[in-house]
There are 2 protein chains.
Amino acid sequence: MPFPQTEIPGRLQAELAARGIRMTEQRRAILKVIETAKKHLAAGQILRKAQRLNAAVDRSTVYRTLELLKRHRMVDELDLMHMDGDGHYYERKLARDHIHMACLRCGKITEFMSEIFDSLKQQLERDCRFSIVVARLEVGGYCSECRH
Amino acid sequence: MPFPQTEIPGRLQAELAARGIRMTEQRRAILKVIETAKKHLAAGQILRKAQRLNAAVDRSTVYRTLELLKRHRMVDELDLMHMDGDGHYYERKLARDHIHMACLRCGKITEFMSEIFDSLKQQLERDCRFSIVVARLEVGGYCSECRH
DNA sequence: ATTCTAGTTGCGAATCAGTCGCAACTTCAG
DNA sequence: CTGAAGTTGCGACTGATTCGCAACTAGAAT
């Protein structure tokens, strides 16, 4: 994730509290997994990691919590060009959107922030009179090491 | 789809032929459905429409043909922000990429071409030394009629 | 501290999109 | 017209995600 160091531990928990959402042991475990993730995690991986913190965490609770976090725009759901099956990946939503580039050969995911991307979103808001809630730009191709 | 009028009927079929790919009745039906589609179709809808042209078309043939077309970059696979379930949508790939905006209230999909989008892709190629094969920008939010 | 209730959970069954193995069938080059 | 390679239908299967429901709990009100 870009600039993870700008994140405060427990931030997600605090944000949920601020919105008056109930905290449970299970949610705490899941939030911690998402906050400390070093890469994009699929739901199944979040489940396994959360269970290491609290063995009681159930699959459906993970899905329900992800749903909750999505609804509150605290995580983004990614496809990462379906590099591996049809599942989704999740990441903490940060202040600024970024682009995901997936290398079709080595599978590496590269993240990139761009002023041009920001302008493009402004253009959509302005020229299409569209009020953006989420914007997801995913690119598939070959990274600098893999393009032949 | 933008500028459908620039498309020649039977174009997909011709392109497959040009690549030395075998043509079958089933594929003809599926290609026709995709070419004449007025909106983005999910695999199941493509199946039903293709079966009207040729009752023998099977679900797996639809999926296998979509896979083939994706491999040859003749269709793009979209999620359309998962407005309805987790399935995918398909559309004929045209010369120029475009952006998909999905209204979270009315469900309308708006397509938009943008020079800024083109520049952004160039920036990724240049600054990240990334060789783009597919780029998918999907935006969720509220369209001009639905933003309160 | 105790009570109460709306919100949350685990469970297991269900759903749903997409995949696969295989034998039968077609396409099309020669 | 023939044969090999490519394609198909079928039905079983997978893997991700959802759901109904009874039991449980967080946290506000007492």
Side-chain angles (χ1 to χ4, degrees), chain A residues 12-31 33 40-72 75 77-90, chain B residues 12-14 16-31 33-34 40-72 74-90:
Chain A
L12 280 176
Q13 211 183 119
E15 274 186 49
L16 281 182
R19 298 179 200 228
I21 286 158
R22 229 178 248 190
M23 190 48 48
T24 64
E25 282 310 310
Q26 291 88 330
R27 282 187 182 164
R28 245 186 286 280
I30 294 167
L31 295 180
V33 169
H40 308 91
L41 299 176
Q45 300 174 295
I46 295 174
L47 172 62
R48 280 188 296 283
K49 282 172 182 286
Q51 284 177 331
R52 264 179 244 145
L53 301 176
N54 178 339
V57 178
D58 186 74
R59 193 158 26 99
S60 356
T61 303
V62 169
Y63 283 110
R64 290 192 272 232
T65 302
L66 287 172
E67 186 55 41
L68 177 75
L69 295 172
K70 268 191 284 178
R71 234 182 7 254
H72 287 273
V75 298
E77 186 175 63
L78 310 170
D79 291 291
L80 300 183
M81 297 321 269
H82 301 300
M83 294 294 293
D84 182 60
D86 281 344
H88 296 126
Y89 295 87
Y90 298 89
Chain B
L12 279 175
Q13 209 184 120
L16 281 181
R19 298 181 201 226
I21 287 158
R22 232 177 246 191
M23 190 47 49
T24 64
E25 281 311 310
Q26 289 89 331
R27 283 187 182 163
R28 244 185 287 277
I30 295 167
L31 296 179
V33 169
I34 294 172
H40 308 92
L41 299 176
Q45 300 173 296
I46 295 174
L47 172 62
R48 280 188 296 283
K49 282 173 182 283
Q51 284 178 332
R52 264 180 243 144
L53 300 177
N54 177 340
V57 177
D58 185 74
R59 189 158 34 100
S60 359
T61 302
V62 169
Y63 283 112
R64 289 193 273 234
T65 302
L66 286 171
E67 186 55 42
L68 176 76
L69 295 171
K70 268 193 283 178
R71 230 177 16 250
H72 287 273
M74 292 164 61
V75 299
D76 272 329
E77 187 176 60
L78 310 170
D79 290 290
L80 302 182
M81 296 323 270
H82 301 300
M83 294 294 293
D84 180 62
D86 281 345
H88 295 126
Y89 296 86
Y90 298 89

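Convention: sequence-line order gives letters A, B, ...; per-chain numbering from 1.
Contact check for B:L69 versus B:I34: side-chain heavy atoms found under the 4.5 Å cut-off. Side-chain atoms of A:E15 and A:H72, non-hydrogen and from C-beta on, never get closer than 4.5 Å to each other.
If you measure from atom CZ of A:R71 to atom P of D:dT18, you get 12 Å, rounded to the nearest angstrom. Note: CZ (A:R48) to P (D:dG15) measures 12 Å, nearest angstrom. Rounded to whole Å, atom C1' of C:dG18 lies 10 Å from atom CD of B:E67. When the P atom of C:dC16 is taken as reference, atom OH of B:Y89 falls 14 Å away, rounded to whole Å. One atom, CG of A:L68, and another, P of C:dT9, lie 9 Å apart when rounded to the nearest Å. Atom CE of A:M23 and atom P of D:dC24 are 22 Å apart (whole Å). One interatomic measurement links the two molecules: CG of B:L69 to P of D:dT7, which rounds to 12 Å at whole-angstrom precision. When rounded to the nearest whole Å, the span between CD1 of A:I30 and P of C:dT9 equals 7 Å.
Which of D:dG6, D:dT8, D:dC10 sits closest to the side chain of B:R22 comes down to D:dG6. The B:A56 side chain lies nearest to D:dG9 when the options are C:dT9, D:dG9, D:dT18. For B:R64, whose side chain is taken as the heavy atoms from C-beta onward, the closest listed nucleotide among D:dA12, C:dT8, C:dC20 is C:dC20. Counting only heavy atoms from C-beta on, A:R59 has its side chain closest to D:dT17 among C:dT8, D:dT17, D:dG27.
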Practice prompt. Take A:E77 and A:Y90 through the side chain to side chain donor-acceptor pair (under 3.5 Å) test and state the conclusion after the steps.
Written response: CA-CA 5 Å; A:E77 186 175 63; A:Y90 298 89; 3.0 Å; yes

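A salt bridge links A:R28 with A:E25; the closest basic N to acidic carboxylate O contact falls under 4.0 Å. B:K70 and B:E67 are joined by a salt bridge, as a carboxylate oxygen and a charged side-chain nitrogen come within less than 4.0 angstrom of each other.
Look at A:Y63 and you'll find a side-chain N or O under 4.0 angstrom from OP1 or OP2 of D:dT17. For C:dT26, the OP1/OP2 oxygens have no side-chain nitrogen or oxygen of B:Q26 closer than 4.0 Å. Close to C:dT9, at under 4.0 Å from its OP1 or OP2, lies a side-chain N or O of A:R27. Between B:S60 and C:dG18, a side-chain N or O to OP1/OP2 separation shorter than 4.0 Å is absent. Distances shown here put a side-chain N or O of B:H88 below 4.0 Å from the OP1 or OP2 atom of C:dG18.
The aromatic rings of B:H88 and B:H82 lie tilted to each other, with the angle between the two planes from 30° to 60°.
Nucleotides of DNA chain C nearest to B:K70 and B:E25 differ in position, and the one nearer the 5' end is that of B:K70. Two residues, A:D58 and B:N54, neighbour DNA chain D, and the one matched to the more 5' nucleotide by heavy-atom proximity is B:N54.
Among the heavy atoms of the strands lying under 4.0 Å from B:D86 are primed sugar atoms or P, OP1, OP2 only; no base atom is included. Residue-level contact check: B:A43 touches the backbone only, with heavy atoms under 4.0 Å from sugar-phosphate atoms and none from bases.
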